[in-house]
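Written below as structure tokens is the structure these notes are about.
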Amino acid sequence: MHAPEFFAELRLPFPSGITVGTTYYATPIADSPLRLQIGFTDTQYRNAYGGLRMTVMHVDRGTIDAVALSFADHGTFRSAQGPLRSRNMPHTFNITLAEPGQPSWEGADFTGLRDAIERYATVWFPGAWTASAPRRVASKSAHTNPVPPAARGARTR
């Protein structure tokens, strides 16, 4: 699955972040009892994932909050994906359909997903994102769309 590479593509800013198996764990605020866990959400298809599940956990009380972030809602896989499109799975990635040497999420645009993770993390871990956030850079596998030209005669202030 290459989960460490997937989470590296998201460029999460938490220095304590680590991937174990297919799940990312972090303590965004040092000495806080709250932890962040990010894992993949399954689909009805084997080895296909439709998004991420973010969970805030307290070391003594367990799960405090959780939210599912779908790839579809955040435009992660807007572009055609070859074998995925032909299998009626346009907003997922399937680890068994990847081309050799390429990640299963080739062509993904992580911008919307990363922004949603940032908004969620900011609620539970205020200041943790801005204190250590890396400079925003387009993902190396991100698909970029050209900006349409401005309409003729359009006036701006």
Side-chain angles (χ1 to χ4, degrees), residues 1-81 84 89-99 101-147:
M1 156 168 252
H2 307 287
E5 291 86 354
F6 182 91
F7 290 115
E9 289 267 352
L10 283 174
R11 292 179 172 82
L12 301 174
F14 311 119
S16 67
I18 187 167
T19 303
V20 178
T22 59
T23 306
Y24 176 85
Y25 299 92
T27 305
I29 299 175
D31 300 324
S32 170
L34 295 181
R35 307 290 186 261
L36 178 64
Q37 175 183 337
I38 305 174
F40 294 93
T41 59
D42 292 326
T43 66
Q44 65 187 18
Y45 301 102
R46 181 184 169 134
N47 296 322
Y49 304 96
L52 298 176
R53 177 179 171 86
M54 296 184 58
T55 306
V56 174
M57 298 181 311
H58 188 279
V59 293
D60 296 325
R61 297 183 204 134
T63 300
I64 301 292
D65 190 54
V67 64
L69 304 174
S70 76
F71 296 141
D73 290 345
H74 297 92
T76 308
F77 296 108
R78 277 194 193 129
S79 63
Q81 300 178 58
L84 294 181
M89 299 178 344
H91 298 290
T92 66
F93 74 87
N94 186 313
I95 61 175
T96 59
L97 296 177
E99 295 290 326
Q102 292 187 345
S104 325
W105 55 87
E106 184 67 30
D109 179 355
F110 291 103
T111 307
L113 190 61
R114 188 171 190 280
D115 288 346
I117 293 169
E118 178 180 0
R119 287 189 304 272
Y120 184 78
T122 300
V123 170
W124 288 100
F125 308 101
W129 193 277
T130 56
S132 59
R135 188 173 61 88
R136 285 200 170 198
V137 178
S139 169
K140 66 182 178 183
S141 66
H143 175 75
T144 56
N145 293 322
V147 176

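Under the rule for a side-chain contact (heavy atoms from CB on, under 4.5 Å), the partners of Val59 that lie at least two apart in sequence or sit in another chain are Pro33, Arg35. In terms of the side-chain hydrogen bond (donor to acceptor under 3.5 Å, both in side chains) criterion, Thr55 has no residue partners (sequence neighbours excluded). When the side-chain hydrogen bond (donor to acceptor under 3.5 Å, both in side chains) test is applied to Tyr120, the partners found at least two apart in sequence or on another chain are Asp65.
When every heavy atom of Thr23 is checked against every heavy atom of Phe7, the shortest pair comes out as C-CE1, 4.2 Å. For His58 against Arg61, the heavy-atom pair with the smallest separation is ND1-N, 3.2 Å. Between Thr19 and Gly21, the closest heavy-atom pair is CG2-O, 3.6 Å. When all heavy atoms of Arg11 and Arg114 are compared, the pair lying nearest together is O-NH2, 2.6 Å.
When atom types are taken as modelled, the side chain of Ser16 and the backbone of Thr27 share a donor-acceptor pair closer than 3.5 angstrom.
Proximity of Pro28 to Leu34: side-chain heavy atoms (C-beta onward) are nowhere separated by under 4.5 Å. Between Leu36 and Leu12, the closest side-chain pair of non-hydrogen atoms is not below 4.5 Å. You'll find the side chain of Phe40 reaches within 4.5 Å of the side chain of Leu52, heavy atoms only.
Using cut-offs of 30° and 60° for the angle between ring planes, the Phe14 and Trp129 rings count as perpendicular.
Residue Ile64 qualifies as enclosed at atom CD1: its count of foreign heavy atoms under 6.0 Å is above 12.
In summary, the aromatic rings of Phe110 and Phe6 are positioned with their centroids under 6.0 Å apart.
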**Report entry** Full working for side chain to side chain contact (heavy atoms under 4.5 Å, CB included) between Tyr49 and Thr41
**Finding:** CA-CA 6 Å; Tyr49 304 96; Thr41 59; 5.7 Å; no

